[in-house]
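Below you'll find the structure, written out as structure tokens, and then a few comments.
Just so it is clear, the model here is predicted, and its values are computed rather than measured.
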Amino acid sequence: GGFPLSFSGLRMLSIRACNQTHFPDNCGRLKRLNDLNLDENLIEALPNQFTRMRTLKDISLARNRLYEIPEDINKLTALKSLNLENNFLELLPLTVGKVKGLTNLNVSKNRLVDVPDTICDLKYLKKLNVESNNLLTLPFRISDMTLLELKVGHNRIELLDDALFD
């Protein structure tokens, strides 16, 4: 099963806590979707067509089993908020820094050992949550960002660069 053609006009879709193991491959037909909530499922991977939902502004995939997000995440040009809290992510693709309009990124409670330096290219990013990962450092250029909220607790960061506070 997948999405019927009649769903192509949907603006908001919430499939929370439904024990879903995957998101339908034909999700690309959801051409007008702005808001997608797939929290509390068992999703391990996103389908290839995921980044065809170009009108998405708000994606929440918290508390799933994702090991990676699509390399072409930057195709989601309308994206403002991305919540990937509590998954199994070990790395973020460099292309996350090309999601130009992103204002909120939550990757807390994952297995990240690194935050790509490209994240510092997100000039509209206001909220960044990287708590509860395995981070040793933060990107050097993070001090150039105009963040309103930065959450870095519960990591392995031993030394914060003085430049962060200049």
### Message
Just so I know, are the side chains of Arg111 and Asn134 near enough to count as touching, which here means a heavy-atom distance under 4.5 Å?
### Response
yes

### Task
With side-chain contact (heavy atoms from CB on, under 4.5 Å) as the test, would you mind laying out the steps for Leu56 and Asp58 before giving the verdict?
CA-CA 6 Å; Leu56 276 174; Asp58 192 337; over 6 Å; no

### Message
To the closest 0.5 Å, what do you measure between CG (Asn34) and CG (Leu13)?
### Response
11.5 Å

### Task
Measure the shortest side-chain to side-chain distance between Arg52 and Cys27 over non-hydrogen atoms and say whether it is less than 4.5 angstrom.
no

### Message
How long is the straight-line distance from CG of Leu136 back to CD1 of Ile157, given to the nearest 0.5 Å?
### Response
8.0 Å

### Summary
Smallest heavy-atom separation, Ile119 atom then Pro139 atom, equals CG2-CG, 4.3 Å

### Message
Under a 3.5 Å distance rule, please check whether Asn155 uses its side chain to pair with a backbone N or O of Gly153 as donor and acceptor.
### Response
yes

### Query
Are side-chain heavy atoms of Arg11 and Lys57 found at a separation under 4.5 Å?
no

### Query
When hydrophobic residues are tied together by side-chain contacts of less than 4.5 Å, even through go-betweens, does Val113 share a cluster with Leu66?
no

### Summary
CZ (Arg63) and CG (Leu42) are apart, to the nearest 0.5 Å, by 12.5 Å

N/O donor-acceptor pairs under 3.5 Å from side chains in residues 91-105, not counting sequence neighbours:
| unit_1 | atom_1 | unit_2 | atom_2 | d |
| --- | --- | --- | --- | --- |
| Thr95 | OG1 | Glu71 | O | 2.4 |
| Thr103 | OG1 | Lys80 | O | 3.1 |
| Asn104 | ND2 | Ser81 | OG | 3.3 |

### Message
Using every non-hydrogen atom in the two residues, find where Ile43 and Asn64 come nearest and quote the distance to one decimal.
### Response
N-OD1, 3.1 Å

### Query
With sequence neighbours left out, what residues match Phe3 under ring pair (Phe, Tyr, Trp, His ring centres under 6.0 Å)?
Phe23

#### Entry: From OG (Ser8) to NZ (Lys31), nearest 0.5 Å
9.0 Å

### Message
With a 3.5 Å distance limit and no angle check, can you tell me whether Asn87 reaches the backbone of Ala62 through a side-chain donor-acceptor pair?
### Response
no

#### Entry: Distance (rounded to the nearest 0.5 Å) between Asn83 CG and Asp39 CG
6.0 Å

### Query
For Glu68, does the CD atom have more than 12 heavy-atom neighbours from other residues, nucleotides or ligands under 6.0 Å away?
no

### Query
When hydrophobic residues are tied together by side-chain contacts of less than 4.5 Å, even through go-betweens, does Val115 share a cluster with Leu147?
yes

### Euclidean distance, Arg32 CZ relative to Arg29 CZ, rounded to 0.5 Å
14.0 Å

### Query
Looking only at heavy atoms, what is the nearest atom pair of Arg54 and Ala78, with distance?
O-CB, 3.5 Å

### Query
Heavy-atom distance under 4.5 Å between the side chains of Leu36 and Phe50, does that happen here?
yes

### Message
So Leu76 and Ile59, do their side chains get closer than 4.5 Å, heavy atoms only?
### Response
yes

### Query
With a 4.5 Å heavy-atom cut-off, do Leu30 and Phe7 have their side chains touching?
yes

### Query
Any side-chain heavy-atom pair from Leu84 and Asn106 closer than 4.5 angstrom?
no

### Query
Less than 4.5 Å apart, any side-chain heavy atom of Glu85 and any of Val107?
no

### Message
Checking Asn37 against Ser60: is there a side-chain donor and acceptor pair closer than 3.5 Å?
### Response
no

### Query
So which pairs with a foot in residues 114-133 pass side-chain hydrogen bond (donor to acceptor under 3.5 Å, both in side chains), sequence neighbours left out?
Asp117-Arg141, Asp121-Arg141, Lys126-Thr146

### Task
Start with the C-alpha distance between Thr137 and Leu135, add both sets of side-chain angles, then the distance that settles side-chain contact (heavy atoms from CB on, under 4.5 Å), and finish with yes or no.
CA-CA 6 Å; Thr137 61; Leu135 300 177; over 6 Å; no

